[in-house]
Amino acid sequence: MLSQLPILSAITFLPAVGAVAILILRVLMRAEDQALLERNARGVALFVTLFVFALSVLLVVDFDTSQAGFQFVETIPWLPAVGISYKLGVDGLSVLFVLLTAFLMPICILASWKIERRVADYMAAFLILQTLITGVFCALDLVLFYIFFEGSLIPMFLIIGVWGGAERIYAAFKFFLYTFLGSVLMLGAMIMMFIAAGTTDIEVLLTHPFARDIQTWLWLAFFASFAVKMPMWPVHTWLPDAHVQAPTAGSVILAGILLKLGGYGFLRFSVPMFPDASAFFAPMVFVLSIIAIVYTSLVAFRQTDIKKLIAYSSVAHMGFVTLGIFSVNEVGVQGAIFQMISHGLISGALFLIVGVIYDRFHTREIAFYGGLVHKMPVFAAFFALFAMANVGLPGTSGFVGELMTMTGAFMVAPIWAAGAALGVIFSAVYMLTLYKKVAYGDLTNPRLESAQDLNMREWINLGVLGVGVIWLGFFTTPVTDVTRAAVGQLVQQYQSAQTPEAADMAPIEGSS
Amino acid sequence: MAYIVVFAPLIAAIIAGLFQRQIGDRAAQLVTTGATIAAALGSAWLFVDVALNGNARTYELATWMAVGSFEIAWAIRLDTLSAVMLVVITSVSSLVHVYSWGYMSHDPHRARFFAYLSLFTFAMLSLVTADNFIQLFFGWEGVGLASYLLIGFWYKKKSANDAAIKAFVTNRVGDFGLVLGIAAIFAVFGTLKFDEVFAAVGDQADAVLTVFGMNFAALELIAFLLFVGAMGKSAQFFLHVWLPDAMEGPTPVSALIHAATMVTAGVFLVCRSYPIYELADATSAIITVIGAVTAIYAATVGLAQNDIKRVIAYSTCSQLGYMFFAAGLGLYSAAMFHLFTHAFFKALLFLGAGSVIHGLHDEQDMRNMGGIYKLLPATWILMLIGTLALTGVGIPFVGLGFAGFFSKDMIIEEAFMAGMDGVPFGLLAFWIAILAAGLTSFYSWRLIFMTFHGKHRGDPETLKHAHESGWVMLIPLILLAIGAVFAGGLFVSDFVKSGAMDFWAGSLPPGPYAEGNYGPGATGHHPPAWVLVAPVAVTLIGFLTAVYFYMLKPDLPGKIAAKGGPLHSLLLNKWYFDEIYDVLFVRPSRALGDLFWKGGDQRIIDGFGPNGVAAAVLAGARRLARGQSGFLYHYAFVMLIGVVGLCLWLLAGAEV
C-alpha cells in the first residue's frame, strides 16, 4: 500500500522541510522572543524526527523481505538529456540504514535539549543532516548519490565547527581534508563509469559488466572515499579528533550513521559493480582490517580521554565490518551489516554516556573520574551494559556481528579470523579498564560529590538504546531476514562474476 | 519443568537486580533463593527422569540467528550429561544462596549480590543445556560476566577490580581460541548444532584446514581451539593465573563459581565435544599433558600459600587438572564423575573456609589462625569431612570411602590402564597423579592444622570475638558434607562402572570398566593391586608429613620459610607467572599502544598526512583569507560549488 506513495521522498525530505520551517521561524521572530524560538525549534525538530521514524517503521514493515531487488522505487526525470533522473529506492542492504538513521535522530535531538548556543540553527543543521544521510541510502542515481554523500559532510562540518569544543577548527579541517581527497577521486570514478556505461542509474550499473582493468581503477577510487569514511587504517586519524570536538549528538550521528556510509558504499558499489577488483584487493582489505583491529585497540588502551578511547574503539569495530564485507559470503556480509547496525546503537549509546558526564563535569579526562557508581548507580548500570556490548558479550548485539564476520572471514582464510579475534581480547582490556577507572573504586575527587544520576531524557535515550542492543542480541532475525534476499543475490552475483582463476580461494578441502 | 529450572533464576535475577530499591533486600534474597531452590528441585526431578529413566530430549525455544545454514536456536537440551550438570549447578547454587543469607548479612549491597548469583546460575544453566556451540558460548560468556561482577563485587577495593579484570581478560584469551574453534566448526561442518556436527565427525576425519600455507587436520585444529577456550575457563596451566586472584570475591562466590561450577565448564566442553576429541589424538595428548602439569603445578604452589582461600583455589586448579588429563586420555565418564563429587567437597571446603573467615572477622591468613577448633567445632568437623573427601580417604577393595576416594582413584586407576594400553602419556599422567595426590594430602592437612590446631598465632582480641556460624550457614555445609561423604559410593556404579552404559545413554562413552574389559570380575587385564593401594598410601604419607611438620614440630615450617630457599620463593610466588606475563604481555601491549598512538598516528600519519598538508594549505590560505574565522563556511561553500560544478559538467558534457 505504501508503494503507491512517495514514501522515500517523504522520509528523506520531511526533515529538510522541518529545517526550513525552523529557519523561517527564526527570521520571523523578534530577538526578544529567543526563548520561545528555541522551544519551538526543539519541538519542531523532535516532532519531525519522531514522525519520520514512524514512517520508517512503516516502510520496513511494508518492505517485502522475499525480494532481492529495489522497492518503493520513485523515478522522476531530472536531466533527461543525459539520462539523469531523480531516482530513489531501497533494498535489503539499505532499508535498515534508513531506519537506523530515523531511529537515532530523535535520540540526538533529545540529547541536545540543553544546547545553549544558536538552538534554532543547531536543530536545523541536524534536520538537514538527516535529509542528506537518508538520501545517501535511498539514492539510486550516481549524481543524486554523490550530492547526498558529499552534502552530508557540510552540516556535520558545521556542527563540529560551530558547536564543537576548543580545537574544533583543527578537527573540522582535518575531517575536511581527508574526506575531500576521497571525494575528488570518487567523483572522477563516477564520471568514468558514466562514460563507460552511459548511464548514472545505479540499478542499471549494478548489472553492467565493467572491463577488468577499468574495475581496478574504479575500485581504488571508490575505496579512497569509502575507506576514509569507514574509517580504515591508516586514514582514521580524523575520527578521534572529530569525535572529541563534536558535541555529543554530533558524535552519536558521526559514529552511529556517518561511518556506515563507507560500509554501505562498499556493499552498493565496490563489491557488486567491481567484483574482479574486489576479489583482487580483498587480501589488502583484510590486512588493513586486521591492522585496524589490533592497532587501534592498542591505541585505545592508552587513551586518557574517554571520547578518544571510544572513537578508537569504533575504528577497531569497523575493522570487523570491512572484514565481513570482503569475505563476500552470506555469513560474513550479513554479519557486516549486523555489525554496522549494532555498532550504530552501541557507539551511539557510549557517546551519550560520555555526554552525560561531560554535561555534569565538563571534562572527558579519565583521571578526573572514579567511583561514579556510588553517586550515579543507574548511570553506572547503563555504562556497564554498553561497555559489555562493545566488548561483544553474547546476549548483546555486539556479539552477533563480531561472531558472524569472523566466521565469514574464517571461511575465506582462518588467519584473518585469528587476527580479528585478537580484537576480542583487546576490547575487553580497554573497555573494562575504562569502566574500572570511571565507575569503580572510591570516590576520591570531591567535585564528583555533587553528581546527579540520570535525568528523564537521558534515561529514555539510554533505555531505548539498551533495549535495542539486548533485543538484537537475543533475536537477530529481525535484521537478517530483511537483508537475506539482497545479500544472497549480492554473494551469488559476486561468485558467478569471478573468473575461474580467482575461484580457488576456498581453504577447506573435504575428504571427498 | 525444564523451563522452570532454566528461567526461574533469570527471572529472579531480573527482579532482584532491577527492582531492588522497590522491593528491598529481604525480598530480593527471598526471590532469588526461592527461585534457585525451585530450580534445584526441578533438576533433581529431571535427573531422575532424564538420566536414570533415560528420557533424553531437546526443547527448541526460539530462533536466535538464521543466516543460511548458520542457524542457531535457543534450546534446552536434556541428556544425561546436562542433567548431571544441572544437579551440580542448582544444588550447589541454592546452598550457596542460603549460606549467603548469613555470610552477607552485613553487606549493604546484598540485593545486588543475590541478583548476580542468580544471573550466574542462569548463565551456567544455559551453558549446559545448549544444543549448539553458540548458545554454549553465550552461557560461557555469561558466567564470565557474572564471575567478573562477583569478583569485583566489592568495587571500592582496587585489588578486587584488578582481579576481576584479570579474570575476564584471561578468559578472553581462552575465548580467542573458542571463537575461532566455533568458526572452524562452521567452516568445516556447515552447522553448529551438536547433533549434526557430531554425526558428521567421521566424514570429516581427513578434512584439512590451511593456515599460513600449513595444512592442519581440521578436527585436530578444532579440538585444540576449543581446548584453548577450556583452558581459560578452567584455569589450566598457562591460563590459570586469574583463579587465585579471583579469591578477592566474597567466599560464597568462590565456592559456587570458582570451585563447583564455572571452572568445570571447560571439562564439560571437552566432554560434550568428545566425538571430536576421540578423533583428535594429538590434541588429546596435549590435553593430557596440560592437565597433568596443572595437577602437579597447582599442588606444589598450594604447599606454600598462607591465604586459606588461595590454598583451596590452587587445590581446585589441581583437581581440574585431574579432570582434564582424564578427558585427554579418553576417560570422559571418570572426568565427569570427579567433576560431580568435587563440586560437593570443594564447595564444602570453601564455605567452611568462609565460615572460619566470618567467625574470625575477615581474617584470611592462616599464619594468624590456629587453635580454634574448640571455638568453631561444627565448622571444624565439616572441614575435616571435606578434607577427607578431597584427599580421597577410603579402603581399597572394600569400596568404602569418601567421595573423592571413588572419583579420584578411579581416574588414577583408569589412567594406569590407559597407559598400559598405549594411550600416549597415560603412564606419565598416572605417576603425576600419584605424586599430586600425596601433595594434595599434605597441603590439605596443613590447612586444617594451621587453621584449627596448635596455638593461636593471631591477635588475641580476635579470638575473644571468634564465634561459630549460625544455622543458616551451617545447614548448607551439612548438606554438602552429606554429598561429600556419599556422592561417591552412591553413584560410582552409574557413572563409571556396571551401570554406566545405561546411565550415559550415549551422551558420553561409559569408560573402560563399563565395557567390561578391565576391572574386578572382568576378563581383561586388571589394574594390579598396587595401583589401587598407591593413592591411598601416598595420601597417608602426605598426612603423616603434615602431622610431623605442623603438629609435632610447628616451628619447623617457619624456619624453612625464613631461610627462604629458592624453591620456597618459587612456590610462594607461584613460579613467577604473574611477573613473567607482565614482562611478556602487559608491558609490551602498553608500549605498543603508545608507540602506535604517538609514533604511528600522531607523528607519521598525521605528520605526513593532514597536518603536513594542512600546514601547506594554511600557509597559502592565510595569504588569501587573512584569518581563520570564516574557514568552515568557506570549505562548505567550496564543496557546494564542486557539487554544482559536477552537475553542470555532466549537463554540458552530454550536450556536446
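All heavy atoms count here, side chains included; hydrogens, waters and symmetry mates do not. Nothing here was measured: the structure is a model prediction, and the numbers come from that model.
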[X] side, atom [atom1]; [Y] side, atom [atom2] - distance, nearest 0.5 Å:
{"X": "A:His374", "Y": "B:Lys156", "atom1": "NE2", "atom2": "NZ", "answer": "5.0 Å"}
{"X": "B:Ile72", "Y": "A:Met404", "atom1": "CD1", "atom2": "CE", "answer": "9.0 Å"}
{"X": "B:Asn161", "Y": "A:Tyr435", "atom1": "CG", "atom2": "OH", "answer": "10.0 Å"}
{"X": "B:Leu192", "Y": "A:Thr407", "atom1": "CG", "atom2": "OG1", "answer": "7.0 Å"}

B:Phe176 side chain near A:Val424 side chain, heavy-atom distance below 4.5 Å: no
Side chain proximity check, B:Asp162 to A:Lys436, heavy atoms < 4.5 angstrom: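 Yes, at least one pair of side-chain atoms sits under 4.5 Å.
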Please look at [X] and chain A and tell me whether the side chain, the backbone, both or neither of the residue comes under 4.5 angstrom of a heavy atom of that chain.
{"X": "B:Ile134", "value": "side chain"}
{"X": "B:Phe70", "value": "side chain"}
{"X": "B:Ala184", "value": "both"}
{"X": "B:Leu149", "value": "side chain"}
{"X": "B:Leu180", "value": "both"}
{"X": "B:Val173", "value": "both"}

Polar side-chain atom of B:Arg172 near backbone of A:Val391 as donor-acceptor pair, under 3.5 Å: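 Yes, B:Arg172 side chain to A:Val391 backbone: donor-acceptor pair under 3.5 Å.
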Expected output: side-chain A:Thr476 to main-chain B:Trp64 donor-acceptor under 3.5 Å: yes
Heavy-atom pair with the smallest gap, counting every atom of [X] and [Y]:
{"X": "A:Val373", "Y": "B:Tyr155", "value": "CG1-CE1, 3.4 Å"}
{"X": "B:Ala66", "Y": "A:Thr480", "value": "O-OG1, 3.7 Å"}
{"X": "B:Ile165", "Y": "A:Leu432", "value": "CD1-O, 3.5 Å"}
{"X": "B:Trp74", "Y": "A:Phe474", "value": "NE1-O, 2.9 Å"}

Pair B:Phe138 and A:Phe399, ring centroids less than 6.0 Å apart: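 Between B:Phe138 and A:Phe399, the centre distance exceeds or equals 6.0 Å.
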For B:Met65, the option from A:Leu403, A:Val331, A:Val479 that meets side-chain contact (heavy atoms from CB on, under 4.5 Å):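 By the side-chain contact (heavy atoms from CB on, under 4.5 Å) criterion, B:Met65 pairs with just one of A:Leu403, A:Val331, A:Val479: A:Leu403.
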Contacts of type side-chain contact (heavy atoms from CB on, under 4.5 Å), residue A:Val378, not counting sequence neighbours: A:Phe382, A:Asp453, A:Leu454, A:Trp459, B:Arg21
Residue part contacting chain B, namely of A:Thr296, when any heavy atom lies under 4.5 Å: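 It is neither, since no heavy atom gets under 4.5 Å.
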Counterpart residues, ring-ring contact (aromatic ring centres under 6.0 Å, His included), relative to A:Tyr430 (two or more places apart): none
Derivation of the side-chain contact (heavy atoms from CB on, under 4.5 Å) call for A:Arg484 and B:Val67: CA-CA 7 Å; A:Arg484 174 183 295 135; B:Val67 175; over 6 Å; no
